[in-house]
Number of protein chains: 2
Amino acid sequence: MVRKPTSKETARKPNMREAILAAAEELFATNGFNAVSVRDIAHAAGANPGSVTYHFKTKDGLLLEIYRRHCGPMNLRRSELLAAAKRVRDLQDRLEAVVRAYVVPAFTSGSDLAGGGARFTRLRAVMSAEGNEVARKIIAQTFDDTSHAFIDAIHESLPHIPRTDIVWRSHFLLGALYYSLVTPDRVSRLSRGEADGGDAANAIEQLVQATVAAFQAPALDQAAPARRRTPASSKT
Amino acid sequence: MVRKPTSKETARKPNMREAILAAAEELFATNGFNAVSVRDIAHAAGANPGSVTYHFKTKDGLLLEIYRRHCGPMNLRRSELLAAAKRVRDLQDRLEAVVRAYVVPAFTSGSDLAGGGARFTRLRAVMSAEGNEVARKIIAQTFDDTSHAFIDAIHESLPHIPRTDIVWRSHFLLGALYYSLVTPDRVSRLSRGEADGGDAANAIEQLVQATVAAFQAPALDQAAPARRRTPASSKT
DNA sequence: TGATCTTTTGTACGATAGTACAAATCACAT
DNA sequence: ATGTGATTTGTACTATCGTACAAAAGATCA
């Protein structure tokens, strides 16, 4: 059912608001928040600087809106995939499915809003590195529930591993995921061109494979004890 | 042998130059490069803004000097530990030793210059996320050799795994390492206080344990084939 | 002590930042 | 066609940025 847009939705150019959001997302994700000026964003979107103020009030408001746009759909997709993964009977297969449910939406699109969740995930990585306050707050209150759900699901597949270890390993997973999106060129460089760090499908497979194995590692308490001394333990 | 310092080394306050470097390192590592002003650094160091210009000429020059201070000692320490690790006979033990040789200097000190390599490693993580040009150049030309040496050493312990997979997994390792230093509080939060993300010794053990298992995962080619379709393969 | 060199201070300059706001422009209902 | 409200433009304000530079202060040695 197609309806005529009311005056409340119209705009001179086709959705300038969206163009600004997309440009900001791209620029923030590649250069960080502080390195990008409102003027840069406006220019990249083919808009006037004042237009950014009109739609989003402040630069922080613009960042906030980017998060609002993506967090919901991405968490929804993760929930769906997680629910499906939990129905897998074989424990080994289930673990892989759960990890995949966590990873896939981060690379492909949580939503197809403005083309690809990878860009948004990279944005999150950069904001987290910069210690951005706006991002820190919204991330903690939006993703912690999801993270706990995944940690619980993984713990169910690996009941003999302490929850603490699961938390650490899922933290490593997120770090690896972030870094893959931040500097994919490093993979290409170090592999001397044999691998393409920017190939999302391949990155996902590599990440899932490596991560599943990491989760399946023996628990720390029973693995570390007598094999080798803790190297930094001299100060403990 | 204690000698009187010549005029070339003296300063009014005890090493103001070092104080500026330390302050800059701390501020850059926690807030990013662009969010920190030269005035912020000077204030934190108890110095005058002009003093920064005097010692380091530009803000980029200051960042460059931080890198120069740390890269050498850290790579040296890694080389030493790697050489020792390569002498371990048992392949499984050797793999762990090699991973440890890569991880430990990043947490503890490559040098004890201004207290701890963790801060410098965190700085590198943040700069890499921000896509800082100065950092990107010096990192590529300083650490790529080291990275190749580690990748080769790991490959020797796991000859049946394709080099490409080793590259990916070592990339994940670096990402996990970076992220552990960037947001250690997240580990504490998600573990509901049961783990301390800031405890370097514990982080190292968790990271080494998980990473060794990840490296030992079956090669991707022989593990992925018929189990599940590539999720994002529709566009390939 | 006075000359000389190094370091620190204080201040200033041009550029650019985020944001505010009035005027211009557009889309649409009447 | 015209009035009305939503959007875009252009411009300006203040703050702060990186950096330059002259003057002050300290250290060193004749």
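Order of the sequence lines sets the chain letters (A, B, ...), proteins ahead of strands, with each chain counted from 1.
- Going from atom CG of B:Leu27 over to atom P of D:dG18 covers 12 Å, rounded to whole Å.
- Listed pair B:His55 / C:dT8 meets the phosphate criterion, a side-chain N or O lying under 4.0 Å from OP1 or OP2.
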Under 3.5 Å, which N/O atoms of the protein pair with N/O atoms of nucleotides 15-17 of chain C?
none

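- Judged purely by atom type and a 3.5 angstrom limit, A:Ser191 uses its side chain to pair as donor or acceptor with the backbone of A:Ser188.
- Contact between the side-chain N/O atoms of B:Tyr54 and the OP1/OP2 oxygens of C:dT7 is found at a separation under 4.0 Å.
- Under the ring-ring contact (aromatic ring centres under 6.0 Å, His included) criterion, the residue pairs touching residues 164-188 of chain A are A:Trp168-A:Phe172, A:His171-B:Tyr179, A:Tyr178-B:Tyr179, A:Tyr179-B:His171, A:Tyr179-B:Tyr178, with sequence neighbours excluded.
- Judged purely by atom type and a 3.5 angstrom limit, A:Arg122 uses its side chain to pair as donor or acceptor with the backbone of A:Ala29.
- One interatomic measurement links the two molecules: CD1 of A:Ile41 to P of D:dT8, which rounds to 16 Å at whole-angstrom precision.
- In this structure B:Arg17 satisfies the salt bridge (charged side-chain N to carboxylate O under 4.0 Å, His left out) test together with B:Glu65, sequence neighbours excluded.
- For A:Ala24, the side chain to side chain contact (heavy atoms under 4.5 Å, CB included) partners at least two apart in sequence or on another chain are A:Phe28, A:Ile41, A:Leu62, A:Ile66.
- With sequence neighbours excluded, the residues that form a side chain to side chain contact (heavy atoms under 4.5 Å, CB included) with A:Arg189 are A:Asp185, A:Arg186, B:Ala140, B:Asp144.
- The CE-P distance, from B:Met16 to C:dT6, rounds to 18 Å in whole Å.
- Taking CG of B:Leu76 as the start and SG of B:Cys71 as the end, the distance is 12.5 Å to the nearest 0.5 Å.
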Just the table, please: protein N/O against nucleotides 20-23 of chain C N/O, every pair under 3.5 Å.
none

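- Counting only distance, with no hydrogens or angles, the side chain of A:Asn15 and the backbone of A:Glu18 share no donor-acceptor pair below 3.5 Å.
- The interatomic distance linking A:His43 (NE2) with D:dG10 (C1') rounds to 17 Å, in whole Å.
- Atom CG of A:Asp60 is separated from atom C1' of C:dT19 by 12 Å (rounded to the nearest Å).
- For B:Phe56 and C:dT6, the CZ to C1' distance is 15 Å, given to the nearest whole Å.
- Ring orientation note: the planes of A:Phe150 and A:Tyr102 are nearly perpendicular, at an angle over 60° on the 30°/60° scale.
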